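The structure displayed is predicted, hence computed values, not measured ones. Hydrogens, waters and symmetry mates are skipped; everything else that's a heavy atom, side chains included, is used.
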Amino acid sequence: MSLTIIDHPMIKHKLTLIRKIETKTKDFYQNVEEIAGLMAYEITRNFPLKDVEITTPICKSIQKELANDVVIVPILRAGLGMVEGIRNMIPTAKVGFIGLYRNEETLEPCEYYAKFPDTIANSIVLIVDPMLATGGSASAAITMLKKRGCKDIRYVGLVGAPEGVDLLQNNHPDVDVYLAALDEKLNEKGYIVPGLGDCGDRLFGTK
């Protein structure tokens with residue numbers, strides 16, 4: 001597994017805005033979407049290409065295009081805030097959805113909703129979720145996608161904790177992780193420190 005921290009100055013600037021407690025829902029959502037779009041440039045850097053023959057206004061020519069379909073899979077609900085930012089960079093990307101809840105007895109993540117394109121097994125899959133805290137949900141989502149035949153899976157988040165990164169490294173060493181920031185730790189309630197609070201609530205104005 002490789003961990004990439006995408007620390008472009010504009011990403012750092014926008015990340016500071018969403019960390020602020022006074023940032024309201026509209027600005028929070030807009031900046032999350034914009035950070036995801038800025039991250040998409042780096043995430044796609046090593047996407048495989050294939051040769052295609054095209055006709056320009058001048059002549060026939062061999063050029064390059066993406067070799068694989070791309071599927072964005074947000075973990076509901078906070079992951080939804082990152083989808084359009086990435087799709088602005090990859091407008092041909094398809095979108096799947098995965099919803100998880102925690103079993104109160106086992107404390108394990110359980111799937112309650114899943115909807116994916118038929119081509120997902122042969123696609124580059126970007127699992128998106130803004131917060132990589134304990135890593136339990138992300139790890140479970142990756143496992144569920146692997147059971148559906150997915151082989152090229154990448155995790156994309158905004159803020160991560162070392163505990164979550166370590167869990168993904170242990171459970172899914174074949175999955176590359178992209179973050180805008182790696183924060184200090186988790187607190188006793190499982191929140192990332194300094195973090196940015198509950199991302200889903202701040203994106204959608206809920207509590």
Looking at [X] and [Y], would you say the former's side chain and the latter's main chain have a donor-acceptor pair under 3.5 Å?
| X | Y | answer |
| --- | --- | --- |
| Thr23 | Leu17 | yes |
| Thr44 | Phe47 | no |
| Ser139 | Gly135 | no |
| Lys50 | Pro48 | no |
| Arg202 | Tyr29 | no |
| Arg154 | Val177 | no |

Is any side-chain heavy atom of [X] closer than 4.5 Å to a side-chain heavy atom of [Y]?
| X | Y | result |
| --- | --- | --- |
| Pro74 | Phe97 | yes |
| Val156 | Ile127 | no |
| Leu3 | Gln169 | no |
| Val95 | Val73 | no |
| Phe28 | Leu203 | yes |
| Gln30 | Glu34 | yes |
| Pro194 | Arg19 | yes |
| Leu167 | Thr134 | no |

Looking at every non-hydrogen atom in both residues, tell me the closest pair between [X] and [Y] and how far apart they are.
| X | Y | result |
| --- | --- | --- |
| Leu179 | Val159 | CD2-C, 4.3 Å |
| Ile6 | Tyr178 | CD1-CD2, 4.1 Å |
| Ala180 | Ile5 | O-CG2, 3.8 Å |
| Ala36 | Met82 | CB-O, 3.4 Å |
| Leu100 | Tyr112 | N-CE2, 3.1 Å |
| Ala138 | Leu132 | CB-CD1, 3.9 Å |

Reported [atom1]-to-[atom2] distance for the pair [X] and [Y], which is rounded to 0.5 angstrom:
| X | Y | atom1 | atom2 | value |
| --- | --- | --- | --- | --- |
| Asp152 | Asn122 | CG | CG | 10.5 Å |
| Glu53 | Ser61 | CD | OG | 8.5 Å |
| Asn68 | Glu65 | CG | CD | 11.0 Å |
| Asp7 | Leu182 | CG | CG | 11.5 Å |

Just by distance, no angles: are the side chains of Thr206 and Asp201 close enough, under 3.5 Å, to form a donor-acceptor pair?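 Yes, because at least one side-chain N or O of Thr206 sits under 3.5 Å from a partner of the opposite role on Asp201.
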
Other residues, nucleotides and ligands only: do more than 12 of their heavy atoms fall within 6.0 Å of [atom1] on [X]?
| X | atom1 | result |
| --- | --- | --- |
| Ile21 | CD1 | no |
| Asn46 | CG | yes |
| Tyr41 | OH | no |

Side-chain heavy atoms under 4.5 angstrom apart, residues restricted to Ile, Leu, Val, Met, Phe, Trp, Tyr: same cluster for Tyr191 and Leu186? no

Qualifying residue for side-chain contact (heavy atoms from CB on, under 4.5 Å) with Ile90, from Asp69, Ile43, Val70: Val70

Run Asp176 and Ser2 through side-chain hydrogen bond (donor to acceptor under 3.5 Å, both in side chains) and show every step you take. CA-CA 5 Å; Asp176 291 337; Ser2 69; 3.0 Å; yes

Show your working on salt bridge (charged side-chain N to carboxylate O under 4.0 Å, His left out) between Glu111 and Arg148 and close with a plain yes or no. CA-CA 13 Å; Glu111 179 185 304; Arg148 290 171 167 88; 3.2 Å; yes

With salt bridge (charged side-chain N to carboxylate O under 4.0 Å, His left out) as the test, would you mind laying out the steps for Lys185 and Asp183 before giving the verdict? CA-CA 6 Å; Lys185 62 180 180 180; Asp183 278 8; over 6 Å; no

As a quick check of understanding, evaluate salt bridge (charged side-chain N to carboxylate O under 4.0 Å, His left out) for Asp174 and Lys146, giving each step before the final call. CA-CA 11 Å; Asp174 55 329; Lys146 286 181 175 180; 2.9 Å; yes

